[in-house]
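Structure record follows, encoded as structure tokens.
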Amino acid sequence: MMAPDTQQAGFSVPAFHSWFPRRLQPWCYLLFISFFQLTSGRYLGALDAMMGGESLMREDYLVCLYCNMCGMGLWFPMLFRMKFRFTNKTLLTVSAAGLAVCNLLTMYTTCLPLLCALCFVEGIFKIEGTFECFSTIQLWMTPKRDFTIFFPVLHIFVLGLVSVGAWMGAWIAEWGDWRLMHWAAIGAMTFIVLFMHICTRHFRFMPKFPLVGIDWTGWLLWNALTLEMAALLCYGDFLNWWKGEQTWVIAGLAVATLAMALWRMFTVRHPYINPAIFRVRYVVPIFVLIVAVEMIFASEHVLEEVFLSSVMGYSEGTSARLDWAVWGGVMTGCIFSLWWMHRMRFSYIRLAIVGLVAALGYLIGMYSILSPTVPMHTIAWPVFCRGFASAVLSIMFLTSLQDSMSFHTFFQGLGIFQVLHLIVGGCLGSAVFTYGLKWYVAEGMARYGSWIDAVRFSSQPFDLGAFLDSDFVPMVMANSVKTLYGWTVFAALLLLMAFLLYDSPIRRRSKLMPATWREVGMTMRKTFLKHES
């Protein structure tokens with residue numbers, strides 16, 4: 001069945017049966033978005049519980065996480081092709097059913113290659129379901145498809161639910177079995193499947209756009225390259241970096257894969273990643289800056305976690321309470337970005353400056369309070385700044401990218417952006433911080449080892465283990481983390497100075513998309529046929 005899109009006046013989702021209340025239709029999709037965003041291949045909030053019950057290392061779980069993110073990031077160029085080929089009911093039903101099956105298999109799988117493959121597929125289903133929900137109600141959220149409204153609202157759900165999901169995973173693991181989170185996700189996905197089967201029908205707003213001319217080989221090559229880079233950076237410290245043979249093998253595979261991906265990108269008619277993307281003004285600087293920003297935010301995954309667990313001695317359930325401070329910062333950052341870009345129409349560059357100032361507030365705050373005796377409520381304020389900065393900078397970069405690119409290449413550029421944002425920047429920053437922490441801890445042990453002198457040994461019997469645990473090791477760890485936070489402050493200051501020197505807007509007004517999805521689809525179809533001929 002086919003009909004044009006529904007406009008804001010009397011908004012309704014044409015896929016619903018006529019008996020379903022119109023006012024509830026968009027809210028149902030917001031509920032589905034929440035369900036999709038709370039699913040994951042493995043919930044790292046329950047990392048300690050999983051490591052205690054399975055024979056996998058922390059690095060193995062991180063690689064699974066990056067497989068999940070790779071599946072999401074590099075599927076972006078396919079999202080509109082799927083939307084213009086299949087119906088809303090088909091896409092949401094298949095996505096929810098696929099997520100339910102993946103969650104069922106991953107919680108009982110300990111074979112690492114199979115677990116990575118399941119997490120990768122789970123990421124594809126997750127982003128497909130989320131995109132289909134958001135694209136269906138976009139005209140309800142902003143009738144003119146104004147992305148200065150859409151992106152802040154999108155990040156309220158995407159970034160906000162990341163914090164909620166981390167808290168839920170840690171809380172369930174502390175008070176029950178970590179697999180309960182997977183069972184809850186399976187129940188939510190089963191509800192979506194039943195709901196779509198009962199309440200919706202197959203509906204098309206334009207003729208089928210066949211899945212032809214897709215460079216699946218290029219898609220596989222770019223995914224392989226991303227996962228090889230993630231594996232190299234995740235396992236680098238464990239493999240002793242370039243002193244280990246496995247590191248050289250992974251690096252060689254990555255170089256060979258990159259060469260094949262670039263050769264295919266410049267030789268096939270419809271490459272999965274169009275090289276014209278990199279010739280668009282502002283795009284390459286945006287890619288470079290997002291990597292630099294994510295490297296700074298990687299301090300959360302290494303320094304903050306080491307401080308909370310090794311120095312403060314908090315369990316994952318206790319540390320997860322800070323996720324609510326992050327959530328508050330994300331909500332504030334999204335609302336602030338909406339006011340800045342849509343209401344006031346201020347410069348995007350100056351919005352990035354505000355975000356970097358908030359990031360500096362997080363770094364300087366953590367540097368200032370680092371102590372084994374600091375109360376948790378004091379840590380909440382820097383963490384709030386981190387959530388605010390993450391939301392503001394993500395929205396700013398994404399809006400700037402959309403404003404700089406044509407619709408035909410935007411989702412390919414978005415795929416690269418998400419890979420750099422979710423994987424490359426974080427992996428690279430975590431590798432640098434892990435290596436630096438290892439070096440400074442070793443230096444601290446050698447420098448402050450003289451504390452254990454004859455006076456301390458004079459007490460008989462001298463409990464060396466208790467002394468190291470209660471005083472010496474936490475002090476060395478705290479000093480090492482503080483030193484790295486100090487270096488990160490200098491890096492963030494240099495980045496802030498670069499933005500201040502380049503204080504000019506990319507655009508003051510975001511360009512608008514076509515008014516209906518039918519118009520978007522036909523534009524994409526004509527563009528594809530033009531390139532085909």
Side-chain angles (χ1 to χ4, degrees), residues 58 62 163 166 233 236-237 289-314 316 318-323 325-326 329-330 333 352-393 425-448 471-499:
R58 180 179 184 275
L62 287 178
S163 301
L233 294 171
D237 189 68
L289 290 171
I290 192 62
V291 172
V293 168
E294 288 303 317
M295 287 182 66
I296 291 173
F297 280 121
S299 58
E300 168 206 352
H301 305 297
V302 179
L303 304 183
E304 188 178 316
E305 289 182 6
V306 169
F307 172 65
L308 294 175
S309 61
S310 299
V311 178
M312 301 298 297
Y314 291 158
E316 285 188 339
T318 304
S319 300
R321 297 176 187 174
L322 293 172
D323 289 325
V326 179
V330 168
I353 292 172
V354 173
L356 283 173
V357 170
L360 271 170
Y362 162 69
L363 296 171
I364 295 174
M366 293 299 293
Y367 179 84
S368 302
I369 66 174
L370 267 172
S371 168
T373 59
V374 64
M376 177 174 282
H377 66 82
T378 306
I379 308 174
W381 288 108
V383 168
F384 176 90
C385 292
R386 171 166 61 80
F388 180 90
S390 176
V392 167
L393 290 171
C427 279
L428 191 57
S430 296
V432 171
F433 284 122
T434 301
Y435 183 82
L437 189 64
K438 182 179 179 181
W439 193 89
Y440 277 112
V441 168
E443 184 196 37
M445 291 290 186
R447 177 176 297 179
Y448 300 113
D471 189 10
F472 182 67
V473 173
M475 182 269 294
V476 172
M477 295 292 292
N479 286 342
S480 302
V481 171
K482 188 167 188 173
T483 302
L484 288 172
Y485 265 119
W487 285 115
T488 311
V489 168
F490 284 118
L493 282 172
L494 290 175
L495 190 59
L496 177 61
M497 289 173 61
F499 273 95

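Numbers here simply count residues along the sequence, with the first being 1.
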Practice task
Not counting sequence neighbours, list each pair that qualifies as a side-chain hydrogen bond (donor to acceptor under 3.5 Å, both in side chains) and has a residue in residues 427-437.
Solution key: none
Practice task
Could you tell me which non-hydrogen atom of Ala359 sits nearest to which non-hydrogen atom of Ala389, and how far apart they are?
Solution key: N-CB, 3.5 Å
Exercise for the section: Would you give the length of the straight line joining atom CD of Glu305 to atom OG of Ser299, rounded to the nearest 0.5 angstrom? Expected result: 10.5 Å
Exercise for the section: Indicate yes or no: at least one non-hydrogen side-chain atom of Lys438 is less than 4.5 angstrom from one of Asp237. Expected result: yes
Practice task
Starting at CG of Leu303, measure out to OG1 of Thr483 and round the result to the nearest 0.5 Å.
Solution key: 10.5 Å
Problem - For Val481, the option from Val476, Leu437, Val441 that meets side-chain contact (heavy atoms from CB on, under 4.5 Å) - result: Leu437
Practice task
Heavy atoms only: give me the nearest Gly426-Ala298 pair and the separation to one decimal.
Solution key: O-CB, 3.8 Å
Exercise for the section: Heavy atoms only: give me the nearest Ser163-Val326 pair and the separation to one decimal. Expected result: OG-CG1, 3.4 Å
Exercise for the section: Please examine the side chains of Trp487 and Val432, heavy atoms only from C-beta on, and report whether any two atoms are closer than 4.5 Å. Expected result: no
Handout entry: Minimum side-chain heavy-atom gap Leu322-Leu308 below 4.5 Å
Key = yes
Exercise for the section: Starting at CG of Leu356, measure out to CG of Leu495 and round the result to the nearest 0.5 Å. Expected result: 5.0 Å
Handout entry: Side-chain donor or acceptor of Ser390 paired with backbone N/O of Arg386 under 3.5 Å
Key = no
Practice task
Would you indicate whether the side-chain heavy atoms of Trp381 and Ile369 approach each other to under 4.5 Å?
Solution key: no
Handout entry: Phe388 versus Ala358, closest heavy-atom pair with distance
Key = CD2-CB, 3.5 Å
Handout entry: Contact summary for Ala352 and Phe499, nearest pair of heavy atoms
Key = CB-CE2, 3.6 Å
Completion exercise
Note: Leu363 and Ala492 closest approach over all heavy atoms is CD1-CB, 3.8 Å
Fill in the blank from the handout: Output for pair (Leu393 CG, Ile353 CD1), nearest 0.5 Å, gives 11.0 Å
Problem - Evaluation steps, side chain to side chain contact (heavy atoms under 4.5 Å, CB included), between Tyr485 and Glu304 - result: CA-CA 9 Å; Tyr485 265 119; Glu304 188 178 316; 3.7 Å; yes
Practice task
To the nearest 0.5 Å, tell me how far Arg321 CZ sits from Ile379 CD1.
Solution key: 12.0 Å
Which atom pairs, one a donor and one an acceptor, fall under 3.5 Å between side chains of residues 289-297 and the rest of the protein, sequence neighbours left out?
residue, atom, partner, partner atom, Å
Glu294, OE2, His421, ND1, 2.9

Exercise for the section: Decide yes or no for His301 and Phe433: does some side-chain heavy atom of the first lie under 4.5 Å from some side-chain heavy atom of the second? Expected result: no
Practice task
To the nearest 0.5 Å, tell me how far Ile364 CD1 sits from Thr488 OG1.
Solution key: 11.5 Å
